[in-house]
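Here is the structure we will look at, set down as structure tokens.
Here is how names work: the chains are called A, B, and so on, in the same order as the sequence lines, proteins then strands, and each is numbered from 1. The model shown is predicted, which means the values in this text are computed figures rather than measured ones.
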Amino acid sequence: MTATRNPTDWRSDAMRRRIARRYAAERRFKLAGLLAVLLSAAFLAFLLVTMMGNGLRGFTRTEIAVKVDFPASPLLLDPNAITDQALANANLPMVTGEVVKKALGADAEEWVSPTAWTALRDAIKADPKILSRTETVRLPASTAIDLAAKGKGSSEAEAAVDRLNKAGVLSTGFNMGFLTASDGTDPTQVGIWGAFKGSLLTMLVTLALSFPVGVATAVYLEEYARKNWMTDIIEVSINNLAAVPSIIFGLLGLSIFLNVLHLPRSASLVGGMTLALMTMPVIVIAGRNAIKSVPPSIRDAALGIGASPVQVVFHHVLPLALPGILTGTIIGMARALGETAPLLMIGMRAFIATPPGGIVDPATVLPVQIFLWSDEVSKGFVEKTSAAIIVLLIFLLAMNGLAIYLRNKFERRW
Amino acid sequence: GCGQQSGGAAGGTRDQIRAVGSSTVYPFATAIAEMFVQGNAGMKSPIIESTGTGGGMKLFCAGVGAQHPDIADASRRMKKKEYEDCQKNGVKDIVEIQIGVDGLAFAESNKGPGFKLTPKIVYEALAANPYGKGPNKAQTWKDVDPSLPATAISVFGPPSTSGTRDSLAELILTKGCETDPAMEALKKKSEDEFKATCTRIREDGKYVDSGENDNLIVQKLAANPNALGVFGFSYLEENKDTLKDVPINGVEASYETVSTGTYPGARPLYIYVKKAHMQAIPGLQAYLNTFAANWDPNGALTKRGMVAAPEAVRKASAEAVKSLPVLDGSQLK
Amino acid sequence: MTGPAILLLLAGLGAIAWVSARARAMRLQTAARASGRRDAVHSLPGYHGWYVALWTLVPAGIFLAVWANVAPGLVMQDVLSSPAAQSLPADDFSRSAVLGEARAIATGNQAGAFNPLSQGLVEPYKDAIGKYGIAGAALALVLAFAGGAYAFTRVRPDFRARTRVERLVMATLLIASLLAIITTLGIVASLLWESFRFFSMVSPVDFLFGVKWSPQSAALGYGNDDAFGAVPLFWGTIFIGAIIAMVVAIPLGLMSAIYLTQYASPTVRKWMKPTLEMLAGVPTVVYGYFAALTIAPALRDFAVKIGIHGASSESALAAGLVMGVMIIPFVSSMADDSIAAVPQSMRDGSLAMGATTSETIRRVLIPAALPGVVGGVLLAVSRAIGETMIVVMAAGLAANLTLNPFASVTTVTTQIVQLLTGDQEFDSAKTLAAFALGLVLFIVTLLLNIVALRVVKKYREAYE
Amino acid sequence: MTPAVETKMTARDVKVFYGEKQAIKGVSIDVDMDNVTAFIGPSGCGKSTFLRTLNRMNDTVASARVEGTITLDGEDIYAPSMDVVQLRARVGMVFQKPNPFPKSIYENIAYGPRIHGLAHGKADLDVIVEKSLRRAGLWDEVKDRLHDSGTALSGGQQQRLCIGRAIAVEPEVILMDEPCSALDPIATAKIEELIHELRGRYAIVIVTHNMQQAARVSQRTAFFHLGELVEYGVTSDIFTNPKAERTKDYITGRYG
Amino acid sequence: MTPAVETKMTARDVKVFYGEKQAIKGVSIDVDMDNVTAFIGPSGCGKSTFLRTLNRMNDTVASARVEGTITLDGEDIYAPSMDVVQLRARVGMVFQKPNPFPKSIYENIAYGPRIHGLAHGKADLDVIVEKSLRRAGLWDEVKDRLHDSGTALSGGQQQRLCIGRAIAVEPEVILMDEPCSALDPIATAKIEELIHELRGRYAIVIVTHNMQQAARVSQRTAFFHLGELVEYGVTSDIFTNPKAERTKDYITGRYG
Ligand SMILES: Nc1ncnc2c1ncn2[C@@H]1O[C@H](COP(=O)(O)OP(=O)(O)OP(=O)(O)O)[C@@H](O)[C@H]1O
Ligand SMILES: Nc1ncnc2c1ncn2[C@@H]1O[C@H](COP(=O)(O)OP(=O)(O)OP(=O)(O)O)[C@@H](O)[C@H]1O
Ligand SMILES: [Mg+2]
Ligand SMILES: [Mg+2]
Ligand SMILES: O=P([O-])([O-])[O-]
């Protein structure tokens, strides 16, 4: 041992400077942390704002009010025999063109959407008596006019919009069709209902398969499995499945469900099965954690008065773990709802203009619809893509929000 | 459960039309699908997948039955090899219908330098092995032709499964290649070698294979003023505000030049239908009729950027829709 | 008898079995209890009910499942032996087409025949289907009755019905958990099988070490030689997922976790944590769209402005940057967990020595949590390299071996999508290459995952 | 050591292993009906382990293995014919930390009778619940809030609830593992009082680390050390006149 | 209660709140240099809480709030001018469970001097490490494996390492919160011996739940109950002749 050291002089200048330096470092470090948080949040905000900026316009559409003198139009329809087929045979697209030209001028045909005649059809269907009088019908504007009316159009279209505005026939309103229609070729006419229903059916299949299996597995592994090689393999499999890239599940779906089992291509059934394989491990892991967090003292209590192991689990452990399991399930389902890549592999990327009727019908899902629209030629699709993204995000955020709420609400400190 | 119903025997059921193939035809096929649904009350919407002409042909020729598509969309004619493939798999009676014409358009961003190209330039810029003289060394357009700017060669184009790519090879590259007389000799010597020399595209990143989505190419071009893009004429039409045409041999791609065939990149568009499916799949005939009703010069398809076929061709096609003549494989190349 | 009807009938039988067995057990037990012996009664009456109901339903159900697979064959045989079947075409393909159509008409799935031959087979089909339908239903009912009766005779006060029922519950649970293994095996088998076919066309050495990737030219018939060198793909994947994305995600994720756990007030934490978690909830297709439409062009403009002319509008940087943002919550939640797992006593120990918070974090907490953090980063890397939509939409298809972040590179997942969408020919090297790539991806993520979990587990154990 | 009372449970040469490790090294003991038996000993000596062999709660620990014979009313409780579920109903258990189910007070008590089918109808069950709560000395405190959550009670009340829960299935033996160690002195006193009242009706075994408590509530005391039963006898003898050296050292606070 | 020794720390009417709940209810006490002061009392009475006010470790608990005055050498340690970092270096702390950093033995000791800049160069640091380990009575046991992990030591060694770690920054006061409760009797004896040796060089405060230990190591004992300081005085007095009734009850094992 060397000579005893002098007690530290905490008041010396050197020590004071040192401490000041240490506090400065402390502040810098804290600031770096704050910046990291803010930067991450800013990115999220930027993303959301961009999507909103582009997408909100997608929920509206421009309409042109056209006065239609039905008796004078080249329409050959008997007001007393309006059937779908009669309407289909009436060559409405041509009639619509004529009507528009008559009302707004020779070049006006370009201004309404190519599918504007459906508005005419719907008006006649709603009230066949219309055929005997003059009536104002609101026809959806073409993409060019629509964009120009929203301030993003070409110069010609803007000139046309000016003219229409002067005539007072242009109006912009909420686009109900966007929520009720399906995929289409004309951006003013497309909607998300088909894809949304496809998503719904797919999620239904996913949930029906992954939830029972996932919970059963979690219960077995956490409560009953003895530690042996088989449990080890199951555990390793599940942990690994949870980390397998989603596209690999797509490959599995393609080569097994489609090519070996010959299940129908593009169907929600196969999509749901593929996503179920992906979601199951998430539920298992969440379920195990939830079960694990039920304190052993509850099990002891039940066992101690003579409950069987199965009763212990079904009477006590599962009800207590349920919020945790549900949280995990919602998170897993949210992930599945946003998943795109594996579904591309099994052909859920086709153009399908009618909503699927069941789980074996060809369908697409919201994220894939977004992907498809993002590749569309017409510029009108940009805002529709963003609008669809907004819808998807609302759902996902709601699901995640629900999960967070559940987690906070039922978070127990035993 | 479902496997037994739809798989197994070829019967099964499908009440929706299924079409696959060309991304060039895709917008027209979907537009027709939409009109078909609106014009035929109670019909389900056809399912249309854009796989590229080649990919579509493979699916189409895989067999007859519910799990195989009814229609193949094509931006070039069916190849002999594909026809034989079809025959081998029991797809015997095929009906060929030309629906219109398209131009193989070259485009650049509005901010681009204003290229002027010839097939020869394109060939020398893009060939893997120009005139069989070893790997392509051209880095900038100027290396190919002194009149062009010294910007790096960068062409976005469709992949090998696409009919557009085949058209590029046939209509432009081969023409450019044939400007060298030595190639004539080569063609006589070995067809295969000639094909490889004249159509194989370089793979060193100068030609960027951009997938089936022509729209992606459009977006990338808009963002990249020094690049060129190759795609269907309709895409150019739709994006006139961001892109401009690059003339070939001094001819601009326009409705007139394409329809009259003066534009070197003009090519026919087809759909192929399985005759065996005509009665099995509800609405198939009506779908074809809808096509026929809309391919006139002032029809709905031209509004979407398709170029109408010459009058005579349209007449023949309309006749084909009615009588459904079986394609004779011996005419194919 | 139709499927739903028989199922409904069985369900009814099950319910009856449950109710009657339960009632009987209750009666018997009341009598037995009077004897006073505690073990005279074993299970609650409800368990007897379940026991008998299960014996009624399970054997019959299993039989029906088997029957549903056997019956079509029997029906087919019957139909083939009918006189109308003698005129069927010889070749299998058209023959099964006709049979399939006839069956579809017979079961009401199709309205009319387009092959005249099949119309004649509709009646034989209807007959056969009806015959075997009734046979199957009858057998199922017999089984249900037999099972139920057997079980019913066993209802006695001290019969251990609960044990039996619980055994079945356990078996069900076990079977469910085996599904994970089956899925894993399915993945491995399908990947291995297709990859094996691929490697019989292309040498694995060329695939793993080749530097030229041009499957399109292979598909055009220029030969498979040196068209499938996957090194540029591997590089692109690593460049985007393991380098650029991590450069973004690690500092931001780690520092966010530190700030939120160690500095932020409870209110800030309560709001910011879910906000950051939202980044993980945004679907990748949205990130892809955002990267392709907003970030990539901006980056390209920026690059051109600072004088990088070769900048591509599909730069590795755009995809990597956005992917990094997506990964932030993974890193931060793993870091959060690891830091939280460091015992409070470590923190106290350091603070009690007079260390500042940041000194404690940097010199005690992070070193102590390092294995956990590293494990988390490995998991994040495995997540990033498997990510598909962002790169499909924002990264390029050009297989470049480059270090320039503004250049375009392609990744394994992009190529898988590219190779498999549309063209589905299952024996070309081009299609199979997708599976070989999938196999590599699977193995790599698996290894990363195993290593990461090991590391994390070891680390957890250290503080238990 | 051989009192003239009814012997309820006997253990003969019981050994317990956790994997390789032996936690109980051949313990023989008789538990009788009219006395409260206390197990004392330093931490880790195996008191809890041994207690849990008496109602086979050790079955739930995968690594645990029990050798030797334990009988209840002369019947081997480890015999294959013994139904564990019934055994545990007959040999009730109260744990160190009060562990009521997160259900209502009523449901806590009613759970056992329900799964064992002891009640016929709601009225019957009500009677059982009231009786059990009365015996557990909790009735007056909770009779107006039977449908409040059991976890909302104070620690001492919770522990009495747990005792009531055990009583509700009419056990013959009650095992208590340090039932007061998580409680404050007042609650402790209440539980001790309750044990006094329950004595005679049930055979009671209590593990405690508090020697004063053992002295207060028990008539027989067993001293464990390192998995062995060092000394077993009348409580007052053990505390005033321990025979073994180790017992003496422990009681005078030399270790533990 | 007023001995003629140097007073190191004083507390005057200290109150501590955890949120709404008051854990310390006005405690005044003097800690002096030459004695070991022991805090005893039943679990939850506030011993740890009060100890932690002495080096402001309670600052790290968000809900904790301290009222009253505490001085170190006459300086108010809760004054805004007081630097917590310095304070904690001057008032060291040893915890209940040994908590060496997961670093080498050397690094564990060197940590404090490093962050406070007490060593000038490697050689100087080596000297500090050796001296601290010697004082903690650990040098001979670890001198050949200074670069092994500190967590690889036995529990008793770890606790001595923690004491050495505290010593290395030259503190003036050392606070120990039940430093032996996680240790076996032999390790406990070693630590008690160490405390004897350290006495006089540092003012030492030790919390213990083991009354024998308090009797063995301390010269002054403070008895806490329900957040109050019930009695404070010379250890032998407290144990043989407690003034307060509560103290007496506690010492004779009536509760706790
Ligand atoms: N589940 C287990 N696995 C392995 N060893 C165990 C297990 N439970 C207890 N032990 C070991 O068995 C021995 C006896 O433990 P037991 O809990 O019976 O002691 P105890 O006397 O009740 O102690 P305490 O007073 O702390 O409760 C101890 O060494 C303990 O570490
Ligand atoms: N972080 C905290 N938040 C709220 N209450 C606390 C906190 N820490 C301690 N308490 C409460 O303050 C009171 C005194 O606790 P303290 O830990 O000081 O007691 P103790 O005498 O050290 O007990 P033990 O001997 O068990 O360590 C207790 O009622 C305790 O529940
Ligand atoms: Mg114990
Ligand atoms: Mg304490
Ligand atoms: O998609 P293609 O038209 O290029 O085949």
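When heavy atoms are compared at a cutoff of 4.5 Å, A:M399 does not approach chain C at all. In this structure, chain A has a heavy atom under 4.5 Å from the side chain of C:I258, while its backbone stays farther away. For chain A, the nearby part of C:L191 is the side chain; its heavy atoms alone come within less than 4.5 Å. With a 4.5 Å cut-off on non-hydrogen atoms, A:A243 touches chain C through its backbone and its side chain both. Contacts between C:Q262 and chain A at a heavy-atom distance below 4.5 Å are absent for every atom of the residue. Of the two parts of C:T413, the backbone and the side chain both hold a non-hydrogen atom closer than 4.5 Å to a non-hydrogen atom of chain A. With a 4.5 Å cut-off on non-hydrogen atoms, C:Y263 touches chain A through its side chain but not through its backbone. Contact annotation for C:T445: only side-chain heavy atoms (C-beta onward) come within less than 4.5 Å of a heavy atom of chain A. Proximity to chain C (any heavy atom under 4.5 Å) is shown, for A:V382, by both the backbone and the side chain. For A:N240, the parts lying near chain C are the backbone and the side chain together; criterion is any non-hydrogen pair under 4.5 Å. When heavy atoms are compared at a cutoff of 4.5 Å, A:T50 approaches chain C solely by way of its side chain, counted from C-beta outward. If you measure heavy-atom distances from A:L39 to chain C, the contacts under 4.5 Å come from the side chain alone. Heavy atoms closer than 4.5 Å to chain A are found in the side chain of C:L276, but not in its backbone. For A:L392, the part lying under 4.5 angstrom from a heavy atom of chain C is the side chain only. Of the two parts of A:L47, the backbone and the side chain both hold a non-hydrogen atom closer than 4.5 Å to a non-hydrogen atom of chain C. For a residue to count as touching a neighbouring chain, one of its non-hydrogen atoms must lie under 4.5 Å from one of that chain's; by this rule C:I181 touches chain A with backbone and side chain alike. Neither the backbone nor the side chain of C:L448 has a heavy atom closer than 4.5 Å to any heavy atom of chain A. For A:I248, the part lying near chain C is the side chain, with the backbone staying farther off; criterion is any non-hydrogen pair under 4.5 Å.
Nearest heavy-atom pair, C:G281 versus A:L396, reported as atom, atom and distance to 0.1 Å: O-CD1, 3.6 Å. A pairwise comparison of heavy atoms in C:A355 and A:R22 identifies CA-NH2, 3.9 Å as the closest pair. Closest heavy-atom contact between A:L251 and C:A434: CD1-O, 4.2 Å. Across C:S190 and A:I256, no two heavy atoms sit closer than the pair CB-CG1, 4.0 Å. For the pair C:T184 and A:S237, the tightest heavy-atom approach, listed with the atom from each and the gap, is OG1-CB, 3.4 Å. Here the closest heavy-atom approach between residue C:M278 and residue A:L397 is recorded as CG-CD2, 3.7 Å.
Annotation: C:R454, atom CZ; neighbour count of heavy atoms from other residues, nucleotides and ligands within 6.0 Å does not exceed 12. For A:Y23, the OH atom sits in a packed shell: over 12 heavy atoms of surrounding residues, nucleotides or ligands are nearer than 6.0 Å.
When ring centroids are compared, A:F43 and C:F290 come within the 6.0 Å threshold.
When atom types are taken as modelled, the side chain of A:E26 and the backbone of C:S358 share a donor-acceptor pair closer than 3.5 angstrom.
Distance check: A:I370 CD1 to C:Y289 OH gives 9.5 Å after rounding to the nearest 0.5 Å. Distance check: C:S177 OG to A:Y224 OH gives 12.5 Å after rounding to the nearest 0.5 Å. To the nearest 0.5 Å, atom CG of residue A:L34 and atom CE of residue C:M272 are 8.5 Å apart. Here CG of C:L293 is found 8.0 Å from OG of A:S374. Values are rounded to the nearest 0.5 Å. Between A:L252 atom CG and C:F442 atom CZ the span is 10.0 Å, to the nearest 0.5 Å. Atoms CG and CG, from A:L277 and C:L179 in turn, are 8.0 Å apart once rounded to the nearest 0.5 Å.
No other option in C:V165, C:L439, C:T388 has as many heavy-atom pairs under 4.5 Å with chain A as C:T388. In terms of heavy-atom pairs under 4.5 Å with chain A, the best-connected choice from C:L178, C:V322, C:T275, C:I187 is C:I187. By number of non-hydrogen pairs under 4.5 angstrom with chain A, the leading residue of C:L254, C:V286, C:I175 is C:V286. Here C:G186 is the residue among C:S382, C:G253, C:G186 with the most heavy-atom pairs under 4.5 Å with chain A.
Contact of the A:P245 side chain with the C:L441 side chain is registered, since non-hydrogen atoms from C-beta on lie closer than 4.5 Å. Here the side chains of A:Y220 and C:M170 are not in contact, with every heavy-atom distance at 4.5 Å or above. The closest side-chain heavy-atom distance from A:M230 to C:L174 is below 4.5 Å. The side-chain heavy atoms of C:T357 and A:F29, taken from C-beta on, include no pair separated by under 4.5 Å. Side-chain contact between C:E166 and A:Q311 is present, with heavy atoms from C-beta onward closer than 4.5 Å. Side-chain contact check for C:P283 versus A:E339: every heavy-atom pair is 4.5 Å or farther apart. Using a 4.5 Å heavy-atom threshold, the side chains of C:V417 and A:M345 count as touching. The side-chain heavy atoms of C:R162 and A:S308, taken from C-beta on, include a pair separated by under 4.5 Å.
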Could you walk me through whether C:Y259 and A:L35 pass side-chain contact (heavy atoms from CB on, under 4.5 Å), step by step? CA-CA 9 Å; C:Y259 183 80; A:L35 274 181; over 6 Å; no

Steps toward side-chain contact (heavy atoms from CB on, under 4.5 Å) verdict (A:I404, C:E277): CA-CA 10 Å; A:I404 291 172; C:E277 278 170 15; 4.0 Å; yes

What verdict does the side-chain contact (heavy atoms from CB on, under 4.5 Å) test give for C:L279 and A:S40, after you've listed the backbone C-alpha separation in whole Å, the side-chain angles of each residue and the deciding distance to 0.1 Å? CA-CA 8 Å; C:L279 282 173; A:S40 311; 4.1 Å; yes

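The stretch residues 324-337 of chain C places C:V325, C:I328 near chain A, each with some heavy atom under 4.5 Å from a heavy atom of that chain.
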